[in-house]
Participant: 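Pasting in a structure now, in structure tokens, and then I'll have a few things to ask.
Predicted, not measured: the structure shown is a model, and the values here were computed from it. Reckoned from all heavy atoms, side chains included, excluding hydrogens, waters and symmetry mates.
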Amino acid sequence: MLTRVADRFSKLVERYLPDAFVIAVLMTLFVFIAGFFMKPSEPVELFKSFGDGFWVYLAFTMQMVLLLMTGMAFASVPSVQRILEKLSSKAKTANQAYVLTFLVSSAAYYINWGLAVVVGAIIAREVGKRNQNAHFPLLVAAAYAPTALYTAGLSSSIGLTVATKGHFLEEAAGVIPTSETIFHPGTIAILIALVMTMPIFIVLMAPKKGIISYVPPKAPKQDAEQKEVLKTPAGKLERTPFLGIITGLIGVIYIIFEFVNGRDLDLNIINIAFLSLGLILHKSLVQYANAFKEAGSAISPIILQFPFYAGIIAVLGSSGLAESIINGMASIASKDTFDIFTYWSAGLVNILAPSGGGQWALQGPLQVPAGLQLGVDPAITAMAVGWGDAWTNLIQPFWALPILSVVGLHIRHIMGYCALLAIWVGIVTTVLMFFVY
């Protein structure tokens with residue numbers, strides 16, 4: 001039955017879902033219209049807040065871009081790719097292909113969601129090559145589906161933000177160690193439950209007919225001029241592994257020094273770690289630069305759209321629309337249900353503003369004081385917002401763009417499956433959150 005529902009829903013989405021950039025622009029217009037009705041006497045303020053907000057998150061945007069690009073460059077290390085190729089050979093049937101793709105991508109999302117973009121794309125591609133009976137759009141959906149888990153991982157935007165000294169809510173919430181957020185027993189329980197049930201749901205959605213198999217693209221050729229450069233002194237210098245290893249080791253020593261001196265995991269440490277490992281493991285600086293170039297091409301849609309969503313976040317704040325959504329849900333919550341209503345409101349806000357850090361900047365100042373009044377630990381509030389943000393990533397196309405660029409699919413090919421998964425994730429997380437936090 002679920003197969004038929006998934007097939008019909010997927011076809012419906014393919015017919016009517018526009019490009020992700022079109023969705024970003026439509027979201028912008030929607031927020032402007034809603035904001036105007038919230039404050040009809042101050043329309044100029046909406047335009048000003050949008051323009052100002054366009055650039056507010058430049059520093060955070062750069063952190064996110066580096067998080068993605070360093071993770072993607074690390075995943076493209078030949079030795080890492082060989083490991084993924086070897087793993088992909090373990091799937092002998094279509095159902096095994098879906099489960100293996102999900103589990104490998106989940107492990108990558110736990111480590112770093114920038115890394116997971118390429119790991120998911122590579123494992124889906126390699127598994128697709130070896131399993132022509134597997135439906136490739138569903139394989140890619142299985143690779144992207146663990147985006148719903150990332151808030152419990154080592155690159156959790158909100159978990160790392162609140163663990164960073166000097167974060168914008170430190171006065172109200174303090175510096176919250178990761179032991180109280182991403183390593184909290186409740187967080188781990190939700191993570192395990194989703195990892196166990198989501199692949200089963202994916203297998204139940206698998207189509208029995210109309211299978212779309214993976215079709216490999218043509219490999220680019222190396223021209224004679226590029227081969228000639230390899231023989232020159234400059235070419236040899238560019239391709240020696242020594243420079244990358246030495247530079248990477250500097251970063252590794254810095255990280256060790258920081259941890260020895262009590263620093264917690266944060267966005268900057270994650271970025272330096274993956275940058276350093278990438279430099280060490282790639283064969284040369286040129287190879288690493290080429291990996292970065294390919295990563296930049298894959299995430300260019302995110303770079304284009306991030307300022308628009310930053311503007312949307314600003315309009316949501318200045319118009320009072322986000323405050324109405326958040327306060328409306330918080331007003332009917334008790335101490336026991338506050339995290340659940342926070343989760344739901346975060347999921348709704350994330351559709352309009354798909355950025356964990358940006359959403360925390362918008363929602364945190366409202367949710368933390370409201371939670372404190374009810375006696376709710378700010379760490380639990382932070383994770384509730386994080387889970388809500390990750391949940392509706394499944395139906396917000398923004399973060400799927402890099403993986404889709406790598407595998408050559410459009411958002412409409414996978415969104416039908418992701419939307420059905422979002423329903424399941426929402427149910428499981430809501431129920432568990434009531435008991436484990």
Participant: Apply side chain to side chain contact (heavy atoms under 4.5 Å, CB included) to residues M27 and I23 and explain how you reach the verdict.
Facilitator: CA-CA 6 Å; M27 290 284 191; I23 292 174; 4.2 Å; yes
Participant: Is there a donor-acceptor pair closer than 3.5 Å between any side-chain N or O of Q359 and the backbone N or O of A346?
Facilitator: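 It does hold such a pair.
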Participant: How are the rings of F341 and W344 set relative to one another: parallel (under 30°), tilted (30 to 60°) or perpendicular (over 60°)?
Facilitator: perpendicular
Participant: If I compare all heavy atoms of A189 with all of L432, which pair ends up nearest, and what's the gap?
Facilitator: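 Closest approach of A189 to L432, heavy atoms only: O-CD1, 4.3 Å.
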Participant: In terms of heavy-atom contacts, does CZ of F168 have more than 12 from other residues, nucleotides or ligands at under 6.0 Å?
Facilitator: yes
Participant: Is there a donor-acceptor contact under 3.5 Å from the side chain of S345 to the main chain of I326?
Facilitator: no
Participant: Quick one: does any side-chain atom of S105 pair with a main-chain N or O of T101 as donor and acceptor, under 3.5 Å?
Facilitator: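 A pair under 3.5 Å: no.
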Participant: For F36 and F32, run ring-ring contact (aromatic ring centres under 6.0 Å, His included): C-alpha distance rounded to whole Å, both residues' side-chain angles, the deciding distance at 0.1 Å, then the answer.
Facilitator: CA-CA 6 Å; F36 174 77; F32 259 95; over 10 Å; no
Participant: Rounded to the nearest 0.5 Å, how far does CE of M433 lie from OG1 of T187?
Facilitator: 8.5 Å
Participant: What's the spacing between L154 CG and I269 CD1 if we round to 0.5 Å?
Facilitator: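 These two atoms lie 13.0 Å from each other.
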Participant: Please give me the minimum heavy-atom distance between S276 and V252, naming the atom from each residue.
Facilitator: OG-N, 3.9 Å
Participant: Please determine whether the number of non-hydrogen atoms from other residues, nucleotides or ligands lying under 6.0 Å from atom NZ of K208 exceeds 12.
Facilitator: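 Enclosed.
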Participant: Considering non-hydrogen atoms only, spot the tightest contact between A172 and V368 and give its length.
Facilitator: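 Minimum heavy-atom separation between A172 and V368: CB-CG1, 4.4 Å.
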Participant: Is there any side-chain hydrogen bond (donor to acceptor under 3.5 Å, both in side chains) pair reaching into residues 134-143, and which pairs are they, with sequence neighbours excluded?
Facilitator: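 Counting only pairs at least two positions apart or across chains, the side-chain hydrogen bond (donor to acceptor under 3.5 Å, both in side chains) contacts touching residues 134-143 are H135-Y417.
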Participant: Run Y288 and L275 through side chain to side chain contact (heavy atoms under 4.5 Å, CB included) and show every step you take.
Facilitator: CA-CA 10 Å; Y288 189 73; L275 177 66; 3.1 Å; yes
Participant: Under 6.0 Å from the CG atom of N290, do we count more than 12 heavy atoms belonging to anything else shown?
Facilitator: yes
Participant: Of all heavy-atom pairs between P354 and W399, which one has the smallest distance, and what is that distance?
Facilitator: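 So the two residues come closest at O-NE1, 2.9 Å.
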Participant: Can you tell me how far the CD1 atom of I190 sits from the NE2 atom of H184, to the nearest 0.5 Å?
Facilitator: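 Result: 9.5 Å between the selected atoms.
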Participant: Apply side chain to side chain contact (heavy atoms under 4.5 Å, CB included) to M198 and L149, showing your working.
Facilitator: CA-CA 11 Å; M198 287 177 70; L149 312 174; 4.2 Å; yes
Participant: Is there a donor-acceptor contact under 3.5 Å linking the side chains of W391 and T429?
Facilitator: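 No, because no side-chain N or O of W391 sits under 3.5 Å from a partner of the opposite role on T429.
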Participant: To the closest 0.5 Å, what do you measure between OG1 (T70) and CG (N271)?
Facilitator: 4.5 Å
Participant: Where the side chain of T93 meets the backbone of Q96, is there a donor-acceptor pair that is under 3.5 Å apart?
Facilitator: yes
Participant: Evaluate the side-chain proximity of L394 to T147: yes if any heavy-atom separation is below 4.5 Å, no if none is.
Facilitator: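 In short, these two side chains touch, coming nearer than 4.5 Å.
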Participant: What distance separates T430 OG1 from F434 CZ, expressed to the nearest 0.5 Å?
Facilitator: 11.5 Å
Participant: Is there a side-chain contact between V65 and I303, using heavy atoms and a 4.5 Å cut-off?
Facilitator: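 Heavy-atom side-chain distance check passes, below 4.5 Å.
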Participant: Which atoms form the tightest heavy-atom contact between A94 and N131, and what is the distance?
Facilitator: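 Scanning both residues, the minimum pair turns out to be N-OD1, 4.2 Å.
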Participant: Please walk me through it: do L352 and F30 pass side chain to side chain contact (heavy atoms under 4.5 Å, CB included)?
Facilitator: CA-CA 9 Å; L352 300 172; F30 169 78; 3.9 Å; yes
Participant: CG/L204 to CG/L420 distance, rounded to the nearest 0.5 angstrom?
Facilitator: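 It is 11.5 Å, given to the nearest 0.5 Å.
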Participant: Any non-hydrogen side-chain atom of T392 less than 4.5 Å from a side-chain atom of L348?
Facilitator: no
Participant: Can you say whether the rings of H413 and H410 are parallel (under 30°), tilted (30 to 60°) or perpendicular (over 60°)?
Facilitator: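 H413 vs H410 ring planes: perpendicular.
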Participant: Looking only at non-hydrogen atoms, find the nearest pair between C418 and A141 and report the distance.
Facilitator: SG-CB, 4.2 Å
Participant: Please answer whether the main-chain N or O of A152 pairs with a side-chain N or O of S156 as donor and acceptor at a distance below 3.5 Å.
Facilitator: no
Participant: Indicate yes or no for a side-chain donor-acceptor contact from T161 to the backbone of S157 under 3.5 Å, with no hydrogens or angles considered.
Facilitator: yes
Participant: Once side chain to side chain contact (heavy atoms under 4.5 Å, CB included) is applied, do any residues pair with S331, and if so which ones, sequence neighbours excluded?
Facilitator: none
Participant: Can you tell if the side chain of Y437 reaches within under 4.5 Å of the side chain of W387, non-hydrogen atoms only?
Facilitator: yes
Participant: Determine, stepwise, if the pair Y109 / Y150 fulfils ring-ring contact (aromatic ring centres under 6.0 Å, His included).
Facilitator: CA-CA 6 Å; Y109 265 102; Y150 99 91; 7.5 Å; no
Participant: Hey, are the side chains of T151 and D389 touching, using non-hydrogen atoms and a 4.5 Å cut-off?
Facilitator: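 They are not in contact (no side-chain heavy atoms under 4.5 Å apart), so the answer is no.
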Participant: Checking T337 side chain against A333 main chain: does a donor-acceptor pair fall under 3.5 Å?
Facilitator: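 Looks like no, no N/O pair under 3.5 Å.
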Participant: Could you check whether any side-chain heavy atom of V104 comes within less than 4.5 Å of a side-chain heavy atom of V119, counting everything from C-beta outward?
Facilitator: yes
Participant: One pair to check against salt bridge (charged side-chain N to carboxylate O under 4.0 Å, His left out): E126 and K129. What are the steps and the verdict?
Facilitator: CA-CA 5 Å; E126 295 300 323; K129 285 180 186 177; 3.2 Å; yes
Participant: Does M72 reach the side chain of I299, with side-chain heavy atoms less than 4.5 Å apart?
Facilitator: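 With C-beta onward as the side chain, the pair touches.
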Participant: Say whether, by atom type as modelled, one donor and one acceptor occur between the side chain of T247 and the main chain of G244 under 3.5 angstrom.
Facilitator: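 No: the side chain of T247 does not pair with the backbone of G244.
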Participant: For the pair S10 (side chain) and G416 (backbone), establish whether a donor and an acceptor sit closer than 3.5 Å, ignoring hydrogens and angles.
Facilitator: no
Participant: Quick one, F136 and L409 - any side-chain contact, counting heavy atoms below 4.5 Å?
Facilitator: yes
Participant: Which residues pass the side chain to side chain contact (heavy atoms under 4.5 Å, CB included) test with S76, sequence neighbours left out?
Facilitator: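 S76: side chain to side chain contact (heavy atoms under 4.5 Å, CB included) contacts with Q81, H282, A291.
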Participant: When you measure from the side chain of S49 to the backbone N and O of L46, does any donor-acceptor pair fall under 3.5 Å?
Facilitator: yes
Participant: Please step through ring-ring contact (aromatic ring centres under 6.0 Å, His included) for the pair Y98 and F102, ending with a clear verdict.
Facilitator: CA-CA 6 Å; Y98 303 130; F102 175 85; over 10 Å; no
